[in-house]
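Worksheet: the structure to be examined is printed underneath.
Not measured: the values here are computed from a predicted model.
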Amino acid sequence: MVMSNGDKNLCQRVAMMKHFVIAALLCLGVLDINAQPVTEEVLTQEYLTNLKISGYNKDIMPEGNHGYGSPVDVLCSMYLLDISKVDDINMKIWTPDLFFVQERQGIHHTLISPNVFILISPEGEVKYSVRVSVTFSCPMDFRKYPHDKQKCTFTIESYGHTRDKMELNWDRRKHQPVMYNEKIEMLPFELKGVEEKVSHLALSFGEYTTLEVSLFFERKVGFYVTRLYIPFIFLVVISWLSFWIPSRMLTLRLSLLLVILYLMVNIASGINDSIPPASYTKGSDVWIAVCESLVFLAFLEYIAVYILARNTEKCQKNVYKNDPEARGVLEPDVKINSVKNDPSNPTVMMASRLKSSILASQRIDKASAALFPVLFLVFNFVYWIVYCTGY
């Protein structure tokens with residue numbers, strides 16, 4: 001049977017139509033109009049299931065970006081929820097063996113379930129997130145306490161993989177790698193900022209990549225203003241009242257100064273108990289020492305004035321007893337012209353010296369009443385400039 005050209009074209013069209021129908025039926029067989037879109041959770045679950053079926057070993061490091069033997073790039077980011085512990089959770093996927101170098105105590109959060117999640121992108125990038133609380137050690141410098149600003153740095157390293165096997169870096173692709181909650185409330189510091197960087201640690205058995213995070217803290221001074229500075233200023237000012245109390249009022253003047261010293265010692269003891277002891281002088285030590293020294297100097301000033309006035313009083317009684325005419329010099333209200341008009345008279349000379357001694361003790365008190373406030377103002381000017389500027 002011989003077929004014409006028209007019949008051949010028809011047969012070809014029928015064959016093509018059959019192929020099209022078969023392809024369409026195959027597509028319809030695969031396509032399910034009721035199928036749900038693939039979510040990250042479904043994709044992650046399928047990925048983990050395939051790993052389990054294929055006999056994946058989580059203890060073996062995956063292939064690097066440039067094949068086996070090249071470093072595995074690990075990009076890190078961090079969000080600080082609060083300032084206040086690390087445990088390992090068994091996973092199906094290999095995770096970097098990272099640890100915090102300055103860690104003293106750490107825990108994983110497992111309430112209500114372990115606070116861990118994994119996201120796997122279609123490109124095979126694995127995002128592993130875990131919530132931990134870690135207690136760090138932080139060497140601090142208290143030389144400017146309580147106006148100190150502290151810098152606490154903690155580092156993250158791989159425990160067993162050197163730099164040629166695993167390269168750590170901060171993930172800067174979409175946002176800042178280290179972020180923090182700006183509403184963190186803590187006493188007695190305020191978190192002023194966070195800084196991150198990458199460094200390399202060379203040891204005798206290899207070089208490691210180190211991720212560093214530095215936290216900058218500034219001490220809140222409000223507590224110390226109300227519990228240290230203002231009370232000490234008031235006490236120092238009150239001690240100046242002793243210069244206006246007559247030297248003969250021994251009990252009142254000594255009691256005032258001793259009570260002020262006692263209060264200062266108690267306040268200083270409470271302040272020093274709130275911080276660790278240091279082998280150097282702190283700013284609070286300088287403030288306390290100078291304020292207490294000013295009150296103690298006022299105490300010594302009164303002792304000197306009292307001794308001078310006491311000796312003068314004894315000499316005055318002796319002069320009165322031996323020569324009553326000396327009252328004309330010592331007491332201006334008594335009119336004894338014969339005594340006053342004869343400067344060469346021994347009685348006049350003795351009485352004049354006693355009168356000078358009496359006036360000298362009064363002048364010392366008046367000079368101290370002017371000098372001590374000036375010294376305290378100068379000290380405050382120097383103190384606040386030195387301890388309230390810079391780190």
> Is the number of heavy atoms from other residues, nucleotides or ligands under 6.0 Å of Lys220 NZ greater than 12?
Replying inline: yes
>> Could you go through Val194 and Gln176, starting from their C-alpha distance and side-chain angles, then the distance that decides it, and tell me whether this counts as side chain to side chain contact (heavy atoms under 4.5 Å, CB included)?
In response: CA-CA 11 Å; Val194 177; Gln176 287 295 326; over 6 Å; no
> Mind checking whether His147 and Tyr383 have parallel, tilted or perpendicular rings, split at 30° and 60°?
Replying inline: perpendicular
> Would Asp285 and Tyr145 count as a side chain to side chain contact (heavy atoms under 4.5 Å, CB included) if you check the C-alpha gap in whole Å, the side-chain angles of each, and the deciding distance to 0.1 Å?
Replying inline: CA-CA 9 Å; Asp285 297 332; Tyr145 172 88; over 6 Å; no
>> As an exercise, state the distance from CG of Leu228 to CG of Asn272, rounded to the nearest 0.5 Å.
In response: 9.0 Å
> Between atom OG of Ser70 and atom CE of Met166, what is the distance when rounded to the nearest 0.5 Å?
Replying inline: 13.5 Å
>> So which atom in Glu157 and which in Leu201 form the shortest heavy-atom distance, rounded to 0.1 Å?
In response: OE2-CD2, 3.4 Å
> Can Met249 be reached from Leu300 by stepping across I, L, V, M, F, W or Y side chains whose heavy atoms are under 4.5 Å apart?
Replying inline: yes
>> Is the shortest side-chain heavy-atom distance between Leu297 and Phe372 below 4.5 Å?
In response: yes
> To the nearest 0.5 Å, what is the distance between OG (Ser293) and CD1 (Ile288)?
Replying inline: 11.5 Å
> What is the minimum heavy-atom distance between Leu257 and Val295, and which atoms define it?
Replying inline: O-CG1, 4.0 Å
> Under 4.5 Å between side-chain heavy atoms, hopping through other hydrophobics if needed: is there a path connecting Phe117 to Met179?
Replying inline: no
>> For a quick test of reading the model, state the closest non-hydrogen atom pair linking Asp141 to Gln150 and the distance between them.
In response: O-NE2, 2.8 Å
>> For a quick test of reading the model, state the closest non-hydrogen atom pair linking Val374 to Ala370 and the distance between them.
In response: CG2-O, 3.3 Å
> Closest approach of Phe189 and Arg219, non-hydrogen atoms and distance?
Replying inline: CZ-NH2, 3.2 Å
> Does the side chain of Ile364 reach to within under 4.5 Å of the side chain of Phe243, using non-hydrogen atoms?
Replying inline: no
> Got a sec: does the OH of Tyr180 have more than 12 other heavy atoms crowding it under 6.0 Å?
Replying inline: yes
> Stepwise, does the salt bridge (charged side-chain N to carboxylate O under 4.0 Å, His left out) test hold for Asp365 with Arg253?
Replying inline: CA-CA 12 Å; Asp365 277 341; Arg253 197 160 172 176; 2.8 Å; yes
> Any link between Leu256 and Leu258 through a network of hydrophobic side chains (Ile, Leu, Val, Met, Phe, Trp, Tyr) touching at under 4.5 Å?
Replying inline: yes
> Is the cationic atom of Arg143 (NZ for Lys, CZ for Arg) positioned less than 6.0 Å from the six-membered ring centroid of Tyr280 and within 45 degrees of its normal?
Replying inline: yes
>> With rounding to the nearest 0.5 angstrom, report the CD to CD1 distance, Glu190 to Ile184.
In response: 11.0 Å
>> I'd like to check Phe379 versus Leu294 (side-chain heavy atoms, cut-off strictly below 4.5 Å). Are they in contact?
In response: no
> What pair of heavy atoms forms the shortest contact from Pro146 to Val221, and how long is it?
Replying inline: O-CG2, 3.9 Å
>> Less than 6.0 angstrom separating the ring centers of Tyr229 and Trp384, yes or no?
In response: yes
> Just wondering, do Leu191 and Phe217 contact through their side chains at under 4.5 Å, heavy atoms?
Replying inline: yes
>> Using the rule given for side chain to side chain contact (heavy atoms under 4.5 Å, CB included), can you reason through Ile156 versus Thr210, listing the C-alpha separation, both sets of side-chain angles and the distance that settles it, and then say yes or no?
In response: CA-CA 6 Å; Ile156 304 172; Thr210 299; over 6 Å; no
> Is it the case that more than 12 heavy atoms not belonging to Met140 sit under 6.0 Å from its CE atom?
Replying inline: yes
All N/O donor-acceptor pairs, side-chain side in residues 234-241, below 3.5 Å, sequence neighbours left out:
| from | atom 1 | to | atom 2 | distance (Å) |
| --- | --- | --- | --- | --- |
| Ser239 | OG | Val236 | O | 2.4 |
| Trp240 | NE1 | Val236 | O | 3.4 |

>> Does anything in residues 205-216 form a salt bridge (Lys or Arg N to Asp or Glu O under 4.0 Å)? List the pairs, not counting sequence neighbours.
In response: Arg163-Glu207, Lys197-Glu212
> Side chains of Ile233 and Phe376: does their closest heavy-atom pair fall under 4.5 Å?
Replying inline: yes
>> Using the rule given for side chain to side chain contact (heavy atoms under 4.5 Å, CB included), can you reason through Ile385 versus Phe381, listing the C-alpha separation, both sets of side-chain angles and the distance that settles it, and then say yes or no?
In response: CA-CA 6 Å; Ile385 288 181; Phe381 179 76; 3.4 Å; yes
> In Å, rounded to the nearest 0.5 Å, how long is the span from NZ of Lys366 to CG of Leu371?
Replying inline: 16.0 Å
> Side chains of Glu167 and Asn169: is there a donor and an acceptor less than 3.5 Å apart?
Replying inline: no
> Taking C-beta and beyond as the side chain, do Phe232 and Met264 meet within less than 4.5 Å on heavy atoms?
Replying inline: yes
> Any link between Ile260 and Val265 through a network of hydrophobic side chains (Ile, Leu, Val, Met, Phe, Trp, Tyr) touching at under 4.5 Å?
Replying inline: no
> If Ile, Leu, Val, Met, Phe, Trp and Tyr residues are connected whenever their side-chain heavy atoms lie under 4.5 Å apart, and connections chain through other members, are Val386 and Val225 in the same group?
Replying inline: yes
>> To the closest 0.5 Å, what do you measure between NZ (Lys151) and SG (Cys138)?
In response: 10.5 Å
> Under 4.5 Å between any side-chain heavy atoms of Tyr208 and Leu168, yes or no?
Replying inline: no
> Are Trp170 and Val213 side-chain neighbours, meaning at least one heavy-atom pair lies under 4.5 Å?
Replying inline: yes
